[in-house]
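Encoded as structure tokens, the structure appears first; notes follow it.
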Amino acid sequence: MNTAELLSWLTETDELRLEQLWAEADRVRRENVGEAVHLRGLIEISNYCVRRCAYCGLRVERGDLVRYRMTPDEVLGSARDALKFGYGTVVLQAGEDPGWRAGDLADVVRRIKSETALAVTLSLGERSPDEWRLWRAAGADRYLLRFETSNRALYDLIHPAGPDGKRSDRLAMLRELRALGYEIGSGVMIGIPGQTYADLARDLETFRELDLDMIGVGPFIPHPDTPLGKTAASAGPEQPPADELMTLKMVALTRLMCPRANIPSTTALATLNLAQGRELGLQRGANIVMPNVTPLKYRALYEIYPGKACIREDGAQCSFCLRGRLAAIGRPVGRGPGSARVVPNRAE
Ligand code: SAH
């Protein structure tokens, strides 16, 4: 699909034509990654963060936010829960938290890998290449790092330099992670104030250029205690809305651009439509869900944006709820780690 076609779908309003996009994305998903929905247990291991990202509720300047850091034993406990619920992967996510020392994290990864057959995905922000190498050697399989937007000027505006004063280049980091042997995942936010439709088309092309294994796209949800949460989106004709329809178009187009990628139906999408968001994502291109297995007492504190779905349920409730939702749309739960690098079993 070329840029003009992407732009035409991104701005399409005709419901009948959109039905064609949904059907095509669903068909390409089925033919390339099968019917199975793989479940990744999300463990939010710390909400400390040293960065000042203008969109994120964990940013260092939020002095009022109560901070927590899970202990290694707590992380192991959550990983065992994920296993008990039948998930094939755990995702360890956090703010950029040097308090999680690289060696301690490597120990946790080693313990999970020696005790279970779980795949381990890390989503810990912009750590150093030496740390990434250490974690990879400890057995970590995958790394998630969203580039957030392919518009460099907008990115610099919303993602200020880190404590080292250096501007980050997440595209270069993704290539580095790939060279270290990780499966790599990335993605963007949709409807960032100042973003344009052309930026979204470029995001989709960048997904393909990077040959990503995993791609997560979700709406930008304003957090009132962040700089970007206070900026009203310019209502100009070039500004894509941060809404459900726009997100579903991006999910569907991501599937068409990257047929074999693992694409989650994100929590941010579920947050916009609690009743149906996850299901619609899965029926319009997505094949992954990331149910939360973080201990209940920490969930509300991992407040990257307000009103996040599923923060009042515990892991068992999330697992039960999700299985019911998948059964209702006739999709089986995937078995095993569900790697994008392994050809899926079509029978599943
Ligand atoms: N510190 C890690 C993990 C961050 S949270 C990192 O920076 O990679 C994971 C993702 O949540 C971010 O990459 C971002 O795309 C998304 N996110 C953060 N704030 C958000 C907001 N206000 N609305 C929607 N998504 C948000």
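We use all heavy atoms of the structure for the numbers below, so side chains are in, but hydrogens, waters and symmetry mates are not. Every number for a ligand or one of its atoms is a count from 1 in the order of the listing.
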*May I ask which of Arg170, Gln93, Arg127 has a heavy atom nearer to atom 7 (O) of ligand 1 than the others do?*
Arg170
*Are Arg59 and Asp225 close enough, and set up right, to give a salt bridge (charged side-chain N to carboxylate O under 4.0 Å, His left out), and what steps lead you there?*
CA-CA 10 Å; Arg59 65 202 307 277; Asp225 299 330; over 6 Å; no
*Can you find an N/O atom of Tyr305 closer than 3.5 Å to an N/O atom of ligand 1?*
no
To which protein heavy atom is [atom] closest, and what is the distance rounded to 0.1 Å?
{"atom": "atom 15 (O) of ligand 1", "answer": "Glu148 OE1, 2.6 Å"}
{"atom": "atom 3 (C) of ligand 1", "answer": "Ala94 O, 3.5 Å"}
{"atom": "atom 16 (C) of ligand 1", "answer": "Arg146 NH1, 3.9 Å"}
{"atom": "atom 25 (N) of ligand 1", "answer": "Met189 SD, 3.5 Å"}
{"atom": "atom 19 (N) of ligand 1", "answer": "Tyr55 CD1, 3.4 Å"}
{"atom": "atom 22 (N) of ligand 1", "answer": "Ile221 O, 2.8 Å"}

_side-chain hydrogen bond (donor to acceptor under 3.5 Å, both in side chains) for Glu244 and Asn273? Distances and angles first, verdict last._
CA-CA 7 Å; Glu244 185 186 357; Asn273 178 352; 2.9 Å; yes
_Is a donor from one side chain sitting under 3.5 angstrom from an acceptor on the other, for Asp81 and Ser78?_
no
*Side chains of Arg142 and Thr89, donor plus acceptor under 3.5 Å*: yes
_At less than 4.0 angstrom from any non-hydrogen atom of Ile304, what atoms of ligand 1 do you find?_
11 (O), 19 (N), 22 (N)
*ligand 1 atoms in contact with Gly95 (distance to a heavy atom under 4.0 Å)*: 1 (N)
_Arg17 to Trp9, cation-pi by 6.0 Å centre distance and 45° axis angle_ = yes
*With a distance cut-off below 6.0 Å to the six-membered ring centre and an angular limit of 45° from the axis, does Arg69 pair with Tyr48 as a cation-pi contact?*
yes
*Flag the pair Tyr143 / Ser123 as yes when at least one side-chain heavy-atom distance between them is below 4.5 Å, and no otherwise.*
no
*asked:* Quick check on Pro219 - does any of its heavy atoms sit under 4.0 Å from an atom of ligand 1?
replied: yes
_Using side-chain hydrogen bond (donor to acceptor under 3.5 Å, both in side chains), reason through Arg62 and His223 one step at a time and then give a plain yes or no._
CA-CA 11 Å; Arg62 276 203 68 203; His223 191 303; 3.2 Å; yes
